[in-house]
Amino acid sequence: MRVVSSVTQAQAIIDKSLVQQSFDDASQCYNQFTSLQRTIGDRLMAEKKATISQSIAALDVGVGTGYLSKQIAQLKNIDTLFALDISLGMLQQADNAMRGIKPIELFCADAEQLPMGDSRLGAVYSNLAFQWCDNLQQVFSESYRVLQPVGEFVFSTFGPATLNELKQSWQTVDDLVHVNAFVSVEEINAYLRTAGFQKVSVRSENIVMYYQTPKHLMLDLKGMGAHNMNPGRQHGLTGIQAFKMMIGSYEKKRTAKGIPATFQAVYAYATK
Ligand SMILES: C[S@@+](CC[C@H](N)C(=O)[O-])C[C@H]1O[C@@H](n2cnc3c(N)ncnc32)[C@H](O)[C@@H]1O
């Protein structure tokens, strides 16, 4: 596997080394936890309107284990496929997954600093990676920079209603940050326009997943590498007492289907 690496540890609100470490750890058992991600990735691509009329190079940002890249590879006129991830472990998984489907060029890099020249690509795609970037304006400006005129930008991310039940349950216990902060549809719209994108279309839907217990949810989040990465999170062990209180509060939300957990999926489409 040949990987071009350009990751630097920039000053970040979300701790990038933790994101990297967390996804490296999760990369081995990651595919057990992906049904939500796959549903969102499928919807993202199914609603994509523009068709590609000439041969282009496309980039999958935050390739993970390569689920979206497999779909991108099926699109017409994809000449070259680049896959980028901050986690080397994930790139290894993607490399294995794409064997025999389509050759991909791998980049270990940060979505906020794309290692590509200006106007190099015909399309930039990403499924559920941008929620780990603390400077979305920079991410969008970078995607705009590497796209050719009329190139398409298609991505999904999580919106602020994500894990509302978990946030509310922690709020009954303390004021610490226990859940990552997610950017709203309005902000995403504004950032895309500021970056220079046209034909911007952003929509969201709430998808409610049900878990046997709050602990099963937490394990699932950990398996996705999706647990809390903010510096405001509590360092050291969260007190057992505090954790039990949160679980008790979450249990009050139990329905016949189990413990609910809302994920606000945001789907965005834009053109340079
Ligand atoms: C939830 S996974 C999604 C994977 C894949 N797109 C899919 O649909 O299955 C998020 C991926 O984004 C990567 N990631 C997180 N922050 C990143 C960043 N700043 N730059 C590049 N990749 C990043 C993670 O390493 C992880 O592989």
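Whatever order the structure lists them in is the order used to number ligands and atoms, beginning at 1.
Close approach of ligand 1 to Ala129 (heavy-atom distance below 4.0 Å) involves ligand atoms 12 (O). Near Gln37, with a cut-off below 4.0 Å to any heavy atom, the atoms of ligand 1 are 1 (C), 3 (C), 9 (O). Near Trp132, meaning under 4.0 Å from any of its heavy atoms, are these atoms of ligand 1: 15 (C), 16 (N). Shown in contact with Ala111 at under 4.0 Å from a heavy atom are these atoms of ligand 1, numbered in order with element: 18 (C), 19 (N), 20 (N), 21 (C). Close approach of ligand 1 to Gly64 (heavy-atom distance below 4.0 Å) involves ligand atoms 4 (C), 27 (O). Within ligand 1, counting atoms from 1 as listed, the ones closer than 4.0 Å to a heavy atom of Ser87 are 25 (O). Remark: ligand 1 atoms within the under-4.0 Å shell around heavy atoms of Ala109 are 20 (N), 21 (C). Near Asp110, with a cut-off below 4.0 Å to any heavy atom, the atoms of ligand 1 are 18 (C), 19 (N), 20 (N).
Heavy-atom separations between Thr65 and ligand 1 are all 4.0 Å or longer. The closest approach between any non-hydrogen atom of Gly41 and ligand 1 is not below 4.0 Å.
Note: Phe158 and Phe263 have tilted aromatic rings, judged against thresholds of 30 and 60 degrees for the angle between ring planes.
For ligand 1, the polar-atom distance check against Asn127 finds a nitrogen or oxygen pair separated by under 3.5 Å. Looking at Leu84 next to ligand 1, no N or O pair under 3.5 Å apart turns up. Remark: ligand 1 and Tyr67 share no N or O pair separated by less than 3.5 Å (distance only, no angle test). Here's the thing with Leu128: none of its N/O atoms is less than 3.5 angstrom from an N/O atom of ligand 1.
Counting heavy-atom neighbours within 6.0 Å of Asp118 CG, excluding the residue itself, gives a total above 12. The environment of Arg145 atom CZ is dense: over 12 non-hydrogen atoms of other residues, nucleotides or ligands sit within 6.0 angstrom.
The shortest side-chain heavy-atom distance between Ile78 and Lys102 falls under the 4.5 Å cut-off.
Summarising the geometry of Leu217 relative to Tyr250, their closest heavy-atom pair is CD2-OH, 3.4 Å, with the distance given to 0.1 Å.
Salt bridge Arg43/Glu205: present, at least one basic N to carboxylate O contact under 4.0 Å.
Heavy atoms of Val61 found under 4.0 angstrom from ligand 1: none, in either backbone or side chain.
Taking the six-membered ring for Trp and the full ring otherwise, Tyr267 and Tyr269 have centroids separated by 6.0 Å or more.
Screening Gln93, Gln92, Arg99 for a side chain to side chain donor-acceptor pair (under 3.5 Å) with Asp95, the sole residue that qualifies is Arg99.
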